[in-house]
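First, the structure itself, so that you have it in front of you.
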There are 2 protein chains.
Amino acid sequence: MAKAPRNGPYICGIDAALDVVSGKWKGLILWELDTHGVRRFAELRRGLPGVSEKMLTQHLREMEQDGLVHREVYPEVPPRVEYSLTEHGRSLNAALGPLGRWGMDRIARERTELVEHRDAGLLPRP
Amino acid sequence: MAKAPRNGPYICGIDAALDVVSGKWKGLILWELDTHGVRRFAELRRGLPGVSEKMLTQHLREMEQDGLVHREVYPEVPPRVEYSLTEHGRSLNAALGPLGRWGMDRIARERTELVEHRDAGLLPRP
DNA sequence: CTCCTCACTCACCTTTTGGTAAGCACCCCA
DNA sequence: TGGGGTGCTTACCAAAAGGTGAGTGAGGAG
């Protein structure tokens, strides 16, 4: 409800979308929530090796503000909080599909270049 | 030819793609070069209001390293340098299409929410 | 002669981002 | 009684990103 754009105004749609996914772990969080559906805080933490608790909460809060994730708190002891994607989060993930495929191509391209370098004797064999 | 991945290794394709477009102006640079085909340095500068020369050169160099843009220097006086998208740059732009549309939807969504707030008396009329 | 344009580069500074470590309040398990 | 798990928050730091303003060197306009 009461929500203002964090940054902006945006010059084009790419701007607005990148604003929402830029952040060291946001892409991975999106991926985790999309593949698992519902995840608890500690599950996400274990799924993103290397993330700090601070960054995870910070990113989750921002994504909640941006309407991408839903946060459900159960008033229990020990505390339980479940995160899932909203409709907008799922549509963002869908829109990210082609970009992900492009990224895979890029990774593959880099690997083949490395192999070519190795075969040309430019790099030592591992 | 001799090119190593700037960051990485990447966990998924989204990672690899976001690495390449994250940077305050890269999305806009891509857009500019895609719509105009070929642009000179100063043209790009004028097309991206607020960009500093340092950031523009820095971003262009990184995108060149990443194989997204082609840089053609004409040994003239005064100097002339033309930038254009490579094949990979164009394919990245294509992959960015759905994301751009999602961003446009987000912008539109935010605007309607603002209008609703205004109509509910939560915000002053401009 | 002076200023402007072109496409930068460099040194310096501020802002933003992310990491580290600690604490909290309660519970369960041994 | 001590330790671990739960989901955070806070204070403090380090690194990265980005901005500012100057200088370059030749040519063209006024």
Side-chain angles (χ1 to χ4, degrees), chain A residues 5-8 10-11 14-15 18-30 32-33 36 38-66 69-84, chain B residues 4-11 14-15 18-30 32-33 36 38-66 69-84:
Chain A
R6 271 214 320 286
N7 301 332
Y10 301 118
I11 302 182
I14 300 288
D15 251 29
L18 285 183
D19 180 28
V20 142
V21 290
S22 60
K24 194 167 179 183
W25 306 95
K26 289 194 183 173
L28 281 316
I29 292 175
L30 239 28
E32 273 283 304
L33 289 181
H36 291 94
V38 176
R39 296 245 98 179
R40 299 182 55 171
F41 185 86
E43 289 175 326
L44 281 173
R45 199 158 110 71
R46 284 187 288 264
L48 282 68
V51 73
S52 66
E53 299 190 343
K54 177 191 143 190
M55 286 315 301
L56 187 51
T57 38
Q58 200 176 105
H59 279 169
L60 285 169
R61 292 298 145 83
E62 288 176 6
M63 294 169 80
E64 192 191 356
Q65 272 224 334
D66 288 334
V69 315
H70 172 71
R71 179 167 178 266
E72 183 91 33
V73 183
Y74 297 87
E76 301 174 357
V77 162
R80 183 161 63 105
V81 181
E82 287 185 349
Y83 294 92
S84 56
Chain B
R6 271 214 321 287
N7 300 332
Y10 301 119
I11 303 182
I14 299 289
D15 252 28
L18 286 182
D19 181 28
V20 143
V21 290
S22 61
K24 195 167 178 182
W25 306 95
K26 289 194 182 172
L28 281 316
I29 293 175
L30 240 26
E32 273 283 305
L33 289 181
H36 291 93
V38 177
R39 298 246 95 180
R40 299 182 54 172
F41 185 86
E43 289 174 325
L44 280 172
R45 199 158 111 70
R46 283 188 288 265
L48 282 66
V51 74
S52 65
E53 299 191 342
K54 177 191 143 191
M55 286 315 301
L56 186 52
T57 38
Q58 199 177 105
H59 279 170
L60 284 169
R61 293 297 146 87
E62 288 175 5
M63 293 168 80
E64 193 191 357
Q65 271 225 337
D66 288 334
V69 316
H70 173 70
R71 179 167 178 265
E72 185 90 32
V73 182
Y74 297 87
E76 304 174 356
V77 162
R80 183 160 62 105
V81 182
E82 289 185 347
Y83 293 93
S84 55

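Predicted model only: the values in this text are computed from it and were never measured. So you know, we letter chains A, B, ... as the sequences are listed, proteins then strands, and number each from 1.
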### Message
Just to be sure I understand the rule, does B:Tyr74 reach a base, reach only the sugar-phosphate, or reach nothing, if contact means heavy atoms closer than 4.0 Å?
### Response
nothing
### Task
Determine the minimum heavy-atom distance between B:Pro49 and B:Gly47, stating which atoms define it.
CD-O, 3.3 Å
### Query
With sequence neighbours excluded, what pairs up with B:Arg46 under the salt bridge (Lys or Arg N to Asp or Glu O under 4.0 Å) test?
none
### Task
Could you check how far CD of A:Glu76 sits from C1' of C:dC28, rounded to whole Å?
14 Å
### Message
Check the phosphate of C:dG19 against A:Lys24, side-chain N and O only, distance under 4.0 Å to OP1 or OP2. Yes or no?
### Response
yes
### Euclidean distance, atom CG of residue B:Leu60 to atom P of D:dG18 [Å, nearest integer]
13 Å
### Task
Evaluate side chain to side chain contact (heavy atoms under 4.5 Å, CB included) for B:Gln58 paired with B:Glu62, printing each intermediate quantity in order.
CA-CA 6 Å; B:Gln58 199 177 105; B:Glu62 288 175 5; 4.1 Å; yes
### Query
Does B:Tyr83 reach the side chain of B:Ile29, with side-chain heavy atoms less than 4.5 Å apart?
no
### Protein-nucleotide distance (B:Leu18, atom CG; D:dA17, atom C1'), rounded to Å
17 Å
### Summary
Nearest-nucleotide check on DNA chain D, B:Gly23 vs A:Pro78; residue mapping nearer the 5' end is A:Pro78
### Query
Expressed in angstrom and rounded to an integer, what is the separation of B:Arg40 atom CZ from C:dT5 atom P?
13 Å
### Short side-chain N/O contact from B:Trp25 to OP1 or OP2 of D:dA17, under 4.0 Å
no
### Message
In this structure, how many angstroms lie between the P atom of C:dT16 and the CD atom of A:Glu62, rounded?
### Response
13 Å
### Task
Round to a whole Å and report the spacing from CD of A:Gln58 to C1' of C:dT16.
11 Å
### Query
Tell me, do B:Lys24 and B:Met55 make a side-chain contact under 4.5 Å, heavy atoms counted?
no
### Query
Can you tell if the side chain of A:Ile14 reaches within under 4.5 Å of the side chain of B:Val21, non-hydrogen atoms only?
no
### Query
Closest to the A:Val77 side chain: C:dC8, C:dC26, C:dA7?
C:dC26
### Task
Check DNA chain D against residues 41-57 of chain A and give the residues with a non-hydrogen atom under 4.0 Å, in numerical order.
A:Phe41, A:Ala42, A:Arg46, A:Glu53, A:Lys54, A:Thr57
### Query
Mind checking whether A:Glu43 and A:His36 have side chains closer than 4.5 Å, heavy atoms only?
no
### Query
Side-chain N or O of B:His59 less than 4.0 angstrom from OP1 or OP2 on D:dA17?
no
### Task
Kindly say if B:Arg80 contacts the phosphate of C:dC6, meaning a side-chain N or O under 4.0 Å from OP1 or OP2.
no
